[in-house]
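Below is one structure, written out as structure tokens; comments come after it.
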Amino acid sequence: MNRLLQRLSADYNESYRQFSDMLDRCADEGRDPDAREQGILDGLKADMEPLGERIVELRAVEDRRASTLTAMLPDGVIDTTATPLTPGGTGPIHQPGARRHPLPSLQVGETQLRAVMQALETRSAYNEPLEQVQTRAAIETPPGAAVPFWSYPIIPTGVEGRLAEHITTRPADMGNSVSYLAVTAPAVLGSVAEGAAKPDSTLVVGRRTATLVKMAAYSDVSLEMQMDFDSVMSMVQLELQSGLIRAENANIVANILGDAGILAPAVTGTSGLIQLLQVKQAVRAAPNVGQPDLVIINPADFGALAGELAATSGLLVGGTEAVQVGPQETLWGMNVAQTVGITKGTALVGVSESACFFLRDGPRLIVDPYSQSTNNLTRILLESRFSSGLLNPGRWAKWTVVASE
């Protein structure tokens, strides 16, 4: 069963569940629905009617496709003796003992809907992990059975990592901006004699405002493509999410680089790795005394630094390896976040907790089979509203990368 049909069936049955639960609650209380409840019931019923019509149309297309493919494939490839999934039925699946209420009949076979409901018991059509979507066809195919070409899972596509997962994340307030406090001068304590006046810490905290940005895009997928390639919806969603991650990363990088309070230490090392160590030590020095644990760097620059290490047969300082590669790369013990959102030749070093990602909305994924239905298209939209900033600019430093492979 194609993904579009599964999603529409899930929407229909969710509306039915809400409809049924509301009527059951009124019956348990011994009353008829009030005006507000009746309005909700009418709205749910209005939502289900076009859904049911669309599901019947898609089911007919699915049956025609299955019949055509069965006729084209050699004998034995598809088990033609199995009971076909034919249209016709009495509506949504009901649990034993559940009440039935008069609703627009959804003319889809009981076997078909039962399969959909079983598949949806542990997932939502809008938040299933992509890797589950991509491999579902392979997982659900019986051992030894042939997998039609449209059901092969797509090749997993790696995406750029999210900087937001490395730094502090906070929800943004209502409105188009978020206000937060940032330390512009650190606290300094002094030695005080017994009974003497205590000095001012000289701590300075200022209010800042970050303007939220909205990033959004859509892609249209034809019904024919959905029928021909079972994984196309997952592929499109994955690529939209990848684009959103790159937009988030670019916003974080731009706001850190644009903060006048970050450090720009002078370095004199003879190699890129030694200069990076000097930048790390500059962030650790007074007055801010941070413990940098994150390097944001362009992938090309990270490759150059790693190449430096290879050219010198490894570099150990105090028993610590300067570069570590693997699932989580490190430079001088600091986690590395590689992103194309930072220009080649520039890197950032800082305390991850001192940077903040403010999330207002999303990421919101919308699968819209209706607005473009006359064009035989399903529109997939992804949007998010966010911003970022530094909670302590003095614990971040900018570095001009000097490295050669």
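- When all heavy atoms are compared, the tightest approach of H166 to Q328 is CE1-OE1, 3.8 Å.
- Listed by chain and residue number, nothing satisfies the salt bridge (charged side-chain N to carboxylate O under 4.0 Å, His left out) test with R207 (two or more places apart in sequence, or in another chain).
- The closest side-chain heavy-atom distance from L382 to R364 is not below 4.5 Å.
- For E329, the salt bridge (charged side-chain N to carboxylate O under 4.0 Å, His left out) test picks out no residue, with sequence neighbours left out.
- W396 has its side chain within reach of I296: a pair of non-hydrogen atoms, C-beta onward, lies under 4.5 Å apart.
- Checked against side-chain contact (heavy atoms from CB on, under 4.5 Å), R284 has the following partners two or more places apart in sequence or in another chain: K280, Q281, Q291, P292.
- Counted within 6.0 Å of CE on M22, heavy atoms from surrounding residues, nucleotides or ligands total more than 12; the atom is thus considered enclosed.
- Within the structure, salt bridge (charged side-chain N to carboxylate O under 4.0 Å, His left out) contacts touching residues 365-381 (residues at least two apart or in different chains) are D220-R379.
- Side-chain contact between F19 and M48 is present, with heavy atoms from C-beta onward closer than 4.5 Å.
- To the nearest 0.5 Å, the span separating OG on S388 from CD1 on I252 amounts to 5.5 Å.
- L365 contributes atom CG, which lies 12.0 Å from atom OG of S384 (distance to the nearest 0.5 angstrom).
- When all heavy atoms of G269 and Q275 are compared, the closest pair comes out as O-NE2, 3.0 Å.
- Side chain to side chain, Q241 and Q237 fail the donor-acceptor criterion of an N or O pair below 3.5 Å.
- In this structure, N249 contributes its side chain and Q338 its backbone to no donor-acceptor pair below 3.5 Å.
- Here the side chains of L273 and L277 are not in contact, with every heavy-atom distance at 4.5 Å or above.
- Residues meeting the side-chain contact (heavy atoms from CB on, under 4.5 Å) test with T346, sequence neighbours left out: L257, I342, K398.
- Sorted by first and then second residue, the ring-ring contact (aromatic ring centres under 6.0 Å, His included) pairs involving residues 170-206 (not counting sequence neighbours) are Y180-F358.
- In this structure a side-chain-to-backbone donor-acceptor pair under 3.5 Å is missing from S219 to L240.
- Of all non-hydrogen atoms in T378 and V367, the two that sit nearest each other are CG2-CG1, 3.8 Å.
- Among L359, D361, V213, the one residue that satisfies the side-chain contact (heavy atoms from CB on, under 4.5 Å) test with R385 is D361.
- Here the CE atom belonging to M225 is positioned 9.0 Å from the CE atom belonging to M235, to the nearest 0.5 angstrom.
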Under 3.5 Å, which donor-acceptor pairs link side chains of residues 196-204 to any protein atom two or more places apart or in another chain?
| from | atom 1 | to | atom 2 | distance (Å) |
| --- | --- | --- | --- | --- |
| D200 | OD1 | T202 | N | 2.9 |
| S201 | OG | L203 | N | 3.2 |

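- For the atom pair CG of D293 and CG of N335, the computed distance is 6.5 Å after rounding to the nearest 0.5 Å.
- Annotation for V283 and L263: closest pair CA-CD1, 4.2 Å, computed over non-hydrogen atoms.
- Sorted by first and then second residue, the ring-ring contact (aromatic ring centres under 6.0 Å, His included) pairs involving residues 37-56 (not counting sequence neighbours) form an empty list.
- Between V351 and N392, the closest side-chain pair of non-hydrogen atoms is not below 4.5 Å.
- Using a cut-off of 4.0 Å between Lys/Arg side-chain N and Asp/Glu carboxylate O, D21 and R17 are scored as salt-bridged.
- Nearest heavy atom pair, residue T343 against residue D301, reads O-OD2, 4.3 Å.
- Annotation: the span from S20 atom OG to R25 atom CZ amounts to 10.5 Å, rounded to 0.5 Å.
- Residue pairs meeting the salt bridge (charged side-chain N to carboxylate O under 4.0 Å, His left out) criterion with at least one member in residues 248-265, sequence neighbours excluded: R162-E248, R208-D259.
- Closest non-hydrogen pair, L181 versus V205, comes out as CB-CG1, 3.7 Å.
- Side-chain contact between P287 and V188 is absent, with no heavy-atom pair separated by less than 4.5 Å.
- The neighbour count for Y370 OH, taken as heavy atoms of other residues, nucleotides or ligands under 6.0 Å away, is above 12.
- Rounding to the nearest 0.5 Å places CG of N376 at 4.5 Å from CD of E224.
- Checked against side-chain contact (heavy atoms from CB on, under 4.5 Å), T168 has the following partners two or more places apart in sequence or in another chain: R170, E353, C356.
- Remark: the backbone N or O of T268 is paired with a side-chain donor or acceptor of Q278 at under 3.5 angstrom.
- Inter-residue side-chain proximity for P33 and L23 is flagged as met; some heavy-atom pair is nearer than 4.5 Å.
- N255 is not listed as a side-chain neighbour of L390, based on a closest heavy-atom distance of 4.5 Å or more.
- When atom types are taken as modelled, the side chain of Q18 and the backbone of L44 share no donor-acceptor pair closer than 3.5 angstrom.
- Between the side chains of S15 and D47, no donor-acceptor pair is found at a separation under 3.5 Å.
- By the side-chain contact (heavy atoms from CB on, under 4.5 Å) test, D42 pairs with Q38, sequence neighbours left out.
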Candidate pair M215 and F386, rule side chain to side chain contact (heavy atoms under 4.5 Å, CB included), full reasoning: CA-CA 8 Å; M215 305 300 298; F386 54 83; 3.5 Å; yes
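- When the ring pair (Phe, Tyr, Trp, His ring centres under 6.0 Å) test is applied to F302, no partner is found at least two apart in sequence or on another chain.
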